[in-house]
Amino acid sequence: MFPENRVRATPMRSTNTRIIPLVLCALLISALGAEPAFAQPADGASPHAFQVDGDVAGTHDPSIIKDGDTWYLFATATGPNHQGELPIRCSQDLHQWKACGYVFPALPEWIAKELPGTKDLWAPDISYFNGEFHLYYAFSVFGKNTSGLALLTNKTLDPRSPNFHWVDRGLVLRSQADDDFNAIDPNIVLDSEGRAWLSFGSFWTGIKMRRIDPSTGMLDAKDPKVYSLARRLPPNNPPADTLGLPGNWQAIEAPFIVHHEGYYYLFVSFDLCCRGIKSNYKTMVGRSNNVTGPYTDADGKPMMYGGGTPLLTGNQRWIGPGGESILQQKDGDIIVFHAYDGKTGRPSLQISSIAWSNGWPHATLEDSPRPQFK
């Protein structure tokens, strides 16, 4: 069965033969006063936050996809005593989640040799094209741009299948200390012509993009250009950088691009994650007619000049929403992200439906009032 996906090399059709029973079930659930697992908001409707339970605490930088009747969510491992790298969570309904393993039992030896000092793997990105699932992920030393992006592929995400096997494709892209970018937070998007693009970046000069050969998942030698998509602008009299590292005003990361009704939408995270209740992460968005930009926000300000329209900001219950990924589905687009518990500071999974209104996405955070749109 083809998975519902975020990238579209070729048009995909659902092979689910239970569409009519599912619709009837959803109508029955609605009539009984309960909320179905997901539903496409009508244009102008408000987004809604999903109630999530189970193994959701500790989720960071989530990336989601559906294979068969199961949603699979990949994330960064958190906490000092985590087991395995790139943990996986599974759900049948987007509400109840359970831990269902991890990609690596430990840091791969080749990464330890490539970048000594690496302790964890970060920010996985799961997609499906060219007949395989592609899992891009980052390795780095916190606060430095000596980083790398690597790739794994698999025929299926169902561990019960005889075809389940992660193939380590190795290094895709490195950044070095003398580069003006940081090769973390990967995301793959296929454009309207089926060409694959890899966006990435954190701090330094912002969000970058390279073209990918979809047959290999590696950089496309035909297009060696590094495209620039978004960055922050310095404030008046910015403070001096500390120890040669970029200042907090340069905080932009976690790019994610989707194609929707003729536009490419670039979602990013502004400001600082990973500080518990002191985190001030927020999710911003801009759009472009072309996958390589230029991207502008709803006010027309270019994202290369600090532009970005707020999509998710914190509230008293949940702080610092970011590290987002989007899943486009026939039954309704969703955004998954992490936010920090306002009391404990620990990250946890959050899911919101996406309501599209006047060409722009809208999402919400648990315990935030639902916005209303004309």
(request) Decide side chain to side chain donor-acceptor pair (under 3.5 Å) for S348 and D341; before the verdict, give the C-alpha distance in whole Å, the side-chain angles of both, and the deciding distance to 0.1 Å. (result) CA-CA 7 Å; S348 187; D341 187 292; over 6 Å; no
(request) Assess whether side-chain contact (heavy atoms from CB on, under 4.5 Å) is satisfied between W71 and L327, documenting all intermediate values. (result) CA-CA 10 Å; W71 283 272; L327 180 63; 3.6 Å; yes
(message) Run E324 and S269 through side chain to side chain donor-acceptor pair (under 3.5 Å) and show every step you take.
(response) CA-CA 8 Å; E324 68 290 336; S269 295; 2.8 Å; yes
(request) For side-chain contact (heavy atoms from CB on, under 4.5 Å), just list the numbers for Y137 and D125, CA-CA rounded to whole Å, side-chain angles, deciding distance to a tenth of an Å, and then say yes or no. (result) CA-CA 6 Å; Y137 63 93; D125 177 76; over 6 Å; no
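A donor-acceptor pair under 3.5 Å links the side-chain atoms of D185 to the main chain of A254, judged by distance alone. Judged purely by atom type and a 3.5 angstrom limit, S140 has no side-chain atom pairing as donor or acceptor with the backbone of F142. Of the possible donor and acceptor atoms, one in the side chain of T283 sits under 3.5 Å from a partner among the backbone N and O of P321. Between the side chain of T76 and the backbone N or O of D61, no donor-acceptor pair lies under 3.5 Å. Of the possible donor and acceptor atoms, none in the side chain of H259 sits under 3.5 Å from a partner among the backbone N and O of Y264. Side-chain atoms of N315 come within 3.5 Å of backbone atoms of E366 as a donor-acceptor pair (strictly under, hydrogens ignored). A donor-acceptor distance shorter than 3.5 angstrom exists from the side chain of T78 to the backbone of G58, with no hydrogens or angles considered. A donor-acceptor pair is defined here as one N or O able to donate and one able to accept, closer than 3.5 Å; no such pair exists between the side chain of D220 and the backbone of R211.
Separating the SG atom in C274 from the OH atom in Y281 is a distance of 6.0 Å, to the nearest 0.5 Å. The CG atom of L135 lies 6.0 Å from the CG atom of L86; values are rounded to the nearest 0.5 Å. Once rounded to the nearest 0.5 Å, the distance linking CG of N145 with CG of D180 reads 9.0 Å. To the nearest 0.5 Å, atoms CE (M284) and CG (L266) are separated by 11.5 Å. Here the CZ-CG distance, from F270 to N280, works out to 12.0 Å after rounding to the nearest 0.5 Å. Rounding to the nearest 0.5 angstrom, the gap separating the NZ atom in K225 from the NZ atom in K208 is 11.0 Å.
Cluster annotation: W122 is not connected to F74 through the hydrophobic network of ILVMFWY side chains, with a link wherever side-chain heavy atoms come within less than 4.5 Å. When hydrophobic clusters are built by joining Ile, Leu, Val, Met, Phe, Trp and Tyr residues whose side-chain heavy atoms come closer than 4.5 Å, directly or via intermediates, L229 is not grouped with V226.
Between V291 and M209 there is a side-chain heavy-atom pair separated by less than 4.5 Å. At least one side-chain heavy atom of Q92 sits less than 4.5 Å from a side-chain heavy atom of T70.
Under the salt bridge (charged side-chain N to carboxylate O under 4.0 Å, His left out) criterion, R89 pairs with no residue at all, not counting sequence neighbours. Legend: residues meeting disulfide bond (SG atoms under 2.5 Å apart) with C90, ordered by chain and number and at least two apart, are C100. With sequence neighbours left out, S175 forms a side-chain hydrogen bond (donor to acceptor under 3.5 Å, both in side chains) with no residue at all. Not counting sequence neighbours, R346 has no partner by the salt bridge (charged side-chain N to carboxylate O under 4.0 Å, His left out) test.
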Between side-chain atoms of residues 102-119 and protein atoms elsewhere (two or more places apart, or another chain), which donor-acceptor pairs fall under 3.5 Å?
{"residue": "W110", "atom": "NE1", "partner": "D168", "partner atom": "OD2", "Å": "3.0"}
{"residue": "E114", "atom": "OE2", "partner": "R174", "partner atom": "NH1", "Å": "2.9"}
{"residue": "T118", "atom": "OG1", "partner": "L115", "partner atom": "O", "Å": "2.7"}

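Close placement of the F129 and H134 rings is indicated, their centers lying within 6.0 Å of each other. The ring of W356 has its center closer than 6.0 angstrom to the ring center of Y265. When ring centroids are compared, H60 and Y340 come within the 6.0 Å threshold.
Contact check on D55 versus K98 returns no salt bridge, with no Lys/Arg side-chain nitrogen under 4.0 Å from an Asp/Glu carboxylate oxygen. Salt-bridge formation is not detected for the pair D297/R287: no Lys NZ or Arg NE/NH1/NH2 atom is positioned less than 4.0 Å from an Asp or Glu carboxylate oxygen.
Residue Q328 is tested with I354, V258, I334 for a side chain to side chain contact (heavy atoms under 4.5 Å, CB included); the sole match is V258. Looking at V52, L73, I64 one by one, the single match for side chain to side chain contact (heavy atoms under 4.5 Å, CB included) with L94 turns out to be I64.
Through side-chain heavy atoms spaced under 4.5 Å, either directly or across other Ile, Leu, Val, Met, Phe, Trp or Tyr residues, L233 is tied to M304, Y305.
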